[in-house]
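Since the structure comes first, as C-alpha cells, the remarks are kept for the end.
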Amino acid sequence: MELAKAFDPKTAEGHYKEWEENGFFAPEINEDASAPTYSIVIPPPNVTGSLHMGHALQHTLMDVLTRWKRMQGFRTLWLPGTDHAGISVQRKVVEQLRKDEGLSPIDIGREEFISRAWKWKEQYGNTITEQMRREGASVDWSRERFTMDADLSLAVRSVFVALYEEGNIYRGLRIVNWCPKDKTVLSDLEVKEETRKDGTLTYLKYPVKGTDRTVTVATTRPETMLGDTAVAVNPTDERYADLIGKTIMLPLAGREIPIVADEYVDKEFGTGAVKITPAHDPNDYQIGERHGLEKLLVMDEAGKMNAAAGPDFEGLDRFEAREKVVARFEELGLLEKVEAYEITLPICERCKTIVEPILSEQWFVKMDEMRDIALDVMRSEGVPHFFPQVPHEKVYTNWLENLKDWTISRQLWWGHQIPAWYDDEGNVYVALTEAEAREKAGGKQLRQDQDVLDTWFSSGLWAFSTFGWTGKGGVLNTPDLDSFLPTDVLVTGRDIIFLWVSRMVMLTKKFTGKIPFSDVVVTGTVLGKDGKPMSKSRNNGVDPIAMFDKFGVDATRIYLASIATGADIKWNDLLIETYRNFANKIWNATRFCLLNSANALVKVFEPAEVKALPAADRWILSRLSRTAAAVNRALDTYQYHEAVSLLYHFFWDDFCDWYIELKKDEINSGDAAASSFILSVLEQALRLLHPFMPYLTEELWQKLPGIGSSLHHPAYRSAKLSIMLADFPKGSDTFIDDAAENEVSAVIEVIKKVRNIRAEMNISPSVRFVVHVAGSEKLRDVLHANEGQILKLARAEKVILSDSLVVPKASARAVLSGGGEVAIPLEGLIDFEKERIRLQGQIDKLDTELERISGQLSNANFVERAPAEKVQELRDRKDEIERQAATLAANIEVLN
RNA sequence: GCCGUCUUAGCUCAGUGGUAGAGCACUCGCUUCACACGCGAUAGGUCAGAAGUUCAAAUCUUCUAGACGGCACCA
C-alpha cells in the first residue's frame, strides 16, 4: 500500500461520521459490566453562540480525557448539551421581530414570543453542536440535553419549590443592578466595571430651611437628586453639628427633606455631606432603612425619569435629565462647581449599558446555607480540587466567604418562568404547576409571576438534571445518575468559577447528596495576538474553524493541548504550523513503514522474543515504554502540555530521526521481521497519539497490516475496528532496557561527533572518509554491531576500531563521553588553524564548567553538608571533564 | 484598598533546591531513494532588579519595578 506524499486532513476528518454511526461515543459500547465509569458533563455552550477558541481549547481537553479513558476500558461518557441563554436569545428574537415584521414582543404577546424563540432555537441553535462534530468531540449525542428540555425544566421548578418551602428562596424589595437596555435585573456577577477618566463630580448647594445657609453635596449622578429624601452628615462633624435635625428645601423638587447624622459618612471625602437617594443607591438604601426615610423611585425600567421626578423631567432619559438638573442648578445659582473625576461605572456584561442601581422587588436565593455547603465540601473533602490549585482554590474560598444573596429573577420571557402565582390580594403560592398552586389557594383565580429565572439557576443543576433527576415527586434516581454522578472532572474557564462551578457544588450536594465532580481543570484564556482577550470590538479574534481549514483539526487540537498549562496564552498561528508539520511527519513516517511491508504484520511484543533482538529494537521499545508511562502520568494530573511534549519528542526525535534511520536499510531490503517490528512500534505510538490527533491516527491505523480487534481493549473486542477502542499503552517496565539505551546512546554519540566534524570542517556530504574510534572492548563491540548504521548515518567510508588511536597528524578529532576518541584522517581537507580553533572552543566550554565544579568541590561546606551522592556525582563529572579536556589538549598538541 | 498571578533565548512559552530547555525565527550546509510541512550542524539567556535563607536558588522568603486577574470601595 502506498500513501499520498502529504497528509490531507480533510479526508481523515471523515471518520467522525463512522464513529458516531457506530455508537462508539456512548458508554454502552463498553461490554464489561464491571468496568469503572468515567464521566464529564460539558459546560453547556450558549445556543446563540458559535465556536470560539475557548470552546475549542476546553473541548479538546475534555475529548483527550474522554478518549484516553475510553481506550483504558472505562465505561466512558462525555455528555453534550446547550444552555438556553436567556438574555442572548431574547435579544436575538426581539431583533429579528423588529427587523422582519416591525413588531415588538408586546405586540405579539408572551406565548407567541416564546414560540418564536423555540423556532429560533430549532433553526440556529445547532451551530455549535455541528461545529463540535468537526472538532472530533467524542460526546454521546444520544444523551444531548438542553437546559429547557421538559425534564430539566421540571428539575428547575422542583428545586425552586423546595428552596422556597424551606426559606432559602425569598422575594424582597432590594437595590438591584438594573440594565435599562435589557430591562432586567442582573446578578452581581453579570455586572462588570469600567473606569472612565472623563467622569465628573458635581457639587450642588442645598438651601437649609429657615436659614440663609446652604449645604454642598457632591455627586456623580446629579439626576438622582430628584429622588433625594435626606442629606446625611457624620455625627462627629463639627462643621454640620448645628444642622442635624434641620431640613433642606430640595431645589427643583420643592420637597422638604431632613438632615440626618450617620456614621457611614466619611468626613474627609468631598464636602462631608451626602445626598441620600434610598431608591437608587445601595448605601443610601441602608442609611434610609436606619433613619426610616422614604424611598422615592424617580426612574422607570428604561432608565427614563418618571412622574415622581416632576413634570419638568418626566420622560427624559437619565443622561438628559443629568444635564438638565445641572443647568437648572446653575440658573438658580446653586451649582458650586463641576470637577473632573475618574469614575468607575458598573456595566452590563452583555450589552455594555451603564447599569442603574434601582429599588426593585425580586426573587433571591439566600446564600448562608449554600455557602456553608460549598465551604464544607472544600474543607472536608478538598473538593473541588482545582488544577492548577494555585490560585483558584484560594480565590474560590475567599469569594464564598464573602458571598451575598443571589438575585435569580430576570425580567425576560425566554427561560424558566418562576413557578409562583399571585391572587388578587397579592398572596403568593409557589408550586410545581398552576393546578397545584390553585389548590393551595383554595381554587382562587391566580396569575403567574411574569419573570423567569437566571439561566445560571438551571445550569447549576446541570450535573444531575442531565442524568434524569427531576426532583421530589418525580424522578430522584436513574441508572445514569447512579453510574455517572459524581462526574470525574469539569473543564472550564476561570470566568465561570463563581457563576457556575460554585453553584453546581452547592445545588448538586444539596439535592443529591453527592458532589458534582471531584476535579476542576481551569483553563487559561486564549488571548489575541495583541495580548488582550479576543473580542469582536477589538477585532483580534481567531476563528477555530478557520484554523481547522488551514491546518487541520488534528494539528489545531494538539497545539491547543500543548498550550494548556493553565496560564493565559497569546495566540500565534505559526505555532500551529509546528503541529501541522508534526501531523505530516507522522503521516510520512507511516508511509515509509508501509512502503516495503509486503509480508509484515503488526503484532504484540513478547518479552522473550524481544530479549533476543538487536539493541536498536530494544532501545526504541524501551523509549516507547518510558514515553507511554510518562504520558499516562501526565494526563493523570492534567499536564496536557507535558504529554504533548513527550509524544512529540518520542515520535520525531527517537522514532523518526534515529530509529527509522538506524533501520532504514533493513526495512528497505524488505525484511519482514524488521518491518513487522517497526510497524508494531508505530502502531503503539499512534494509539498514544490518538486522544490528541484522533483523525490522523484513525486514518493511519486502519491502513496498518495485521491490525485486528485483538488490539482493542477487551471491553470492545466485538466492536467494529477502530483505534478509538484500542487499548491505551500503559508502558510496563518489562521493556525498559537501560543496557540497550546506553548502547544506542554510544552509537548516536559517535555519529553526532562525526557529523559535527564534517559540518565544522565544511566537508561536503558527498565526501566519504574513514572514521577511527578508540575505546573499550565493550564500546568497540557495540560499534561493531552497528557498523552499517554508522557508515550510513555518518556518511563514512569505513570504520576502524582499536584500543588506541593510530592516525595521521592531519586528522580531526573528538572525545566521547564514556571514554573513547574519534579521529578522521583528512589529508588535504583539514585546515589546521580551523581545527585548532574548533578544539579550543570545546576546551573552553569544558573549562567554564570545570571552574564552577571545582569551586563547589573546594567548598568544605558543600562536601560536608550536601548529600554524598551529589558530591560523588560532581566528582565523577569533574574527572570526566578533565579527561576530555586533556584529550582535546593533546589533540591540539598533535596539530602543532 | 485587600487577595493573587506573571516577568526565563529575537518571538511564544516549558521548567518548584543540585550541569538553563522546546517550537518558531536567525546563521551555515544539504535535490541523502518517508517527509523541503524535510535532513544535518551551529549560534543565542548574569532566568525583571535588590536583599536574605541554604553547602547549593530560575525554583524558597522579603522588598522594589513593570504587566495582569479577582474582590471591595467609589458622595
- Item | Sugar-phosphate only, base, or nothing, as touched by A:Val265 at under 4.0 Å among non-hydrogen atoms | base
- Message: Using a heavy-atom cut-off of 4.0 Å across all strands, would you classify A:Lys570 as base, sugar-phosphate, or nothing?
- Response: sugar-phosphate
- Mind pulling the stems RNA chain B is in, i.e. runs of at least three Watson-Crick or G-U pairs, everything under 3.5 Å? B:1-7 with B:65-71, B:10-13 with B:21-24, B:27-30 with B:38-41, B:48-52 with B:60-64
- Query: Any sub-3.5 Å donor-acceptor pair from A:Arg580's side-chain atoms to A:Ala555's backbone N or O?
  - Reply: no
- Message: Given 3.5 Å as the limit, does a donor-acceptor pair link the side chain of A:Arg758 with the main chain of A:Val767, or not?
- Response: yes
OP1, OP2 of [N] versus side-chain N and O of [X]: anything below 4.0 Å?
X	N	result
A:Asn402	B:A72	no
A:Arg865	B:C55	yes
A:Lys870	B:A56	no
A:Lys394	B:G4	yes
A:His392	B:U5	no
A:Lys5	B:C35	yes

The side chain of [X] lies closest to which of these nucleotides: [options]?
X	options	answer
A:His641	B:C73, B:G18, B:G15	B:G15
A:Thr344	B:C73, B:C28, B:C55	B:C73
A:Pro391	B:A41, B:G4, B:G29	B:G4
A:Ala567	B:A34, B:U42, B:A14	B:A14
A:Lys585	B:C55, B:C71, B:G38	B:G38
A:Pro765	B:C74, B:G29, B:C37	B:G29
A:Cys656	B:U19, B:C74, B:A34	B:A34
A:Ile569	B:C74, B:C71, B:U12	B:U12

Would you kindly give the [atom1]-to-[atom2] distance between [X] and [N], to the nearest whole Å?
X	N	atom1	atom2	value
A:Lys663	B:C33	NZ	C1'	19 Å
A:Phe655	B:C35	CZ	P	15 Å
A:Leu700	B:A34	CG	P	17 Å
A:Glu193	B:G1	CD	C1'	13 Å
A:Asn861	B:G17	CG	P	22 Å

- Task: Return the orientation label for the A:Phe269 and A:Tyr341 ring planes: parallel under 30°, perpendicular over 60°, tilted otherwise.
- Result: perpendicular
Below 3.5 Å, does any donor atom in the side chain of [X] face an acceptor in the base of [N], or the other way round?
X	N	result
A:Lys752	B:A41	no
A:Glu760	B:C28	no
A:Glu661	B:A34	yes

- Base-contact (B) and sugar-phosphate-only (S) positions in nucleotides 20-26 of chain B, heavy-atom cut-off under 4.0 Å, - elsewhere: --SBS--
